[in-house]
There are 2 protein chains.
Amino acid sequence: MAQKKIHCDCLDTIKPVRDTLDVINGKWKVPIIISVGVGNDRFTDIQESIPGISPKVLAKELKDLEQHKLLRRIIIDEYPVKISYQLEEYADTLTPLIYALKDWGINHRKKVTEK
Amino acid sequence: MAQKKIHCDCLDTIKPVRDTLDVINGKWKVPIIISVGVGNDRFTDIQESIPGISPKVLAKELKDLEQHKLLRRIIIDEYPVKISYQLEEYADTLTPLIYALKDWGINHRKKVTEK
DNA sequence: TATAGTACTTTCCTAAAGGAAAGTGAAGTA
DNA sequence: TACTTCACTTTCCTTTAGGAAAGTACTATA
């Protein structure tokens with residue numbers, strides 16, 4: 001009787017997790033969503049609210065997030081010209097994920113420092 | 001009266017999120033945790049359960065996860081020598097996060113394909 | 001004409017991540 | 001002695017992410 005190699009199948013979980021990671025990947029996207037979510041809507045305000053982010057990186061990540069329909073860029077035609085960034089409604093679906101990331105981070109820091 | 005620049009403060013959320021991302025960062029760590037979690041405990045089984053991962057990358061990520069106390073490496077001294085990878089209890093704390101990643105991915109795929 | 005404000009862009013560079021393919025070492029088995 | 005299995009390691013290379021510093025474009029106002 002042929003022995004069949006069994007390794008547990010977990011693609012049902014891995015595949016959607018990968019889909020998510022493809023969207024919110026990297027150091028900056030979730031922080032940007034958080035920042036815009038609490039009300040920072042201007043380029044420079046977003047930049048100042050996220051320590052360490054450079055304008056180059058911010059501009060690139062904002063474009064990515066726009067393409068993924070997580071936020072939109074609104075041109076306000078006054079003097080001086082302003083741009084407002086707003087979360088799309090779809091970004092609200094990320095709320096549970098963001099809380100999970102936050103909660104785990106808080107707990108992890110507690111664990112690491114209490115030694 | 002001096003105008004003070006107000007930009008909404010969101011560091012309380014951004015900081016722990018960053019701590020989390022520092023640990024589970026990248027394409028592979030969460031998939032590996034999932035795979036080991038469902039019972040794949042041998043190097044080659046883990047490798048086969050995660051499409052596209054190379055042995056070099058798997059070895060490196062396993063070391064990282066060990067350092068972060070998320071899994072342990074157990075040497076089984078038989079012939080041929082086997083290594084068993086097991087999740088630490090601490091890895092269980094990631095469960096809510098993994099579900100959040102999975103659920104969002106499922107929903108996102110639905111959204112993207114139904115157009 | 002010069003200046004100020006806003007929102008970027010450009011250039012240059014380093015570091016980290018990732019991929020392909022082949023190789024290694026240890027030990028038991030034929 | 002050669003072969004097999006398992007768990008990696010090594011080498012080489014390409015791609016992506018990220019950072020620092022300076023520059024640009026537009027327009028209104030002084």
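All values below were derived from every heavy atom in this structure, side-chain atoms included, with hydrogens, water molecules and symmetry-related copies excluded. Residue numbers start from 1 in every chain, and the chains themselves are labelled A, B, ... in the order their sequence lines are given, proteins ahead of strands.
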For [N], does either OP1 or OP2 sit under 4.0 Å from a side-chain N or O belonging to [X]?
X	N	value
A:Tyr85	C:dC8	yes
A:Ser54	D:dA20	no
A:Lys60	D:dA17	yes
A:Arg42	C:dA7	yes
B:Arg73	D:dC8	yes

Surrounding CZ of B:Arg109 (heavy atoms of other residues, nucleotides or ligands, distance under 6.0 Å), is the total greater than 12?
no
NZ of A:Lys69: more than 12 outside heavy atoms within 6.0 angstrom?
no
How long is the line joining [atom1] of [X] and [atom2] of [N], in whole Å?
X	N	atom1	atom2	answer
B:Gln47	C:dG18	CD	C1'	14 Å
A:Glu48	C:dG5	CD	C1'	13 Å
B:Ile53	C:dG19	CD1	C1'	12 Å
B:Ile76	C:dA27	CD1	C1'	16 Å
A:Asn25	D:dT16	CG	P	12 Å
A:Asp77	C:dT6	CG	P	16 Å
A:Ile74	C:dT6	CD1	C1'	17 Å
B:Leu58	C:dG18	CG	P	13 Å

Shortest side-chain distance from [X], nucleotide among [options]:
X	options	value
B:Lys82	D:dT9, D:dA7, C:dG18	D:dA7
A:Pro80	C:dT6, D:dC8, C:dA7	C:dT6
A:Glu61	C:dC8, D:dT9, D:dG18	D:dG18

Is the side chain of B:Ser35 donor-acceptor paired with the backbone N or O of B:Asn40 at a distance under 3.5 Å, no angle test?
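Between the backbone of B:Asn40 and the side chain of B:Ser35 there is no qualifying donor-acceptor contact (under 3.5 Å).
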Here's a test for you: under side chain to side chain donor-acceptor pair (under 3.5 Å), which of A:Thr20, A:Thr93, A:Asp19 qualifies with B:Trp104?
A:Thr93
Taking any heavy-atom pair under 4.0 Å as a contact, classify A:Lys56: base, sugar-phosphate, or nothing.
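A:Lys56: base contact, heavy atoms under 4.0 Å.
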By the 4.0 Å heavy-atom rule, please label A:Lys27 as base, sugar-phosphate, or nothing.
sugar-phosphate
5′-ward residue of the pair B:Phe43/A:Pro55 relative to DNA chain D:
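Final value for this comparison: B:Phe43.
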Sub-4.5 Å side-chain heavy-atom contact between A:Asn107 and B:Tyr90
yes
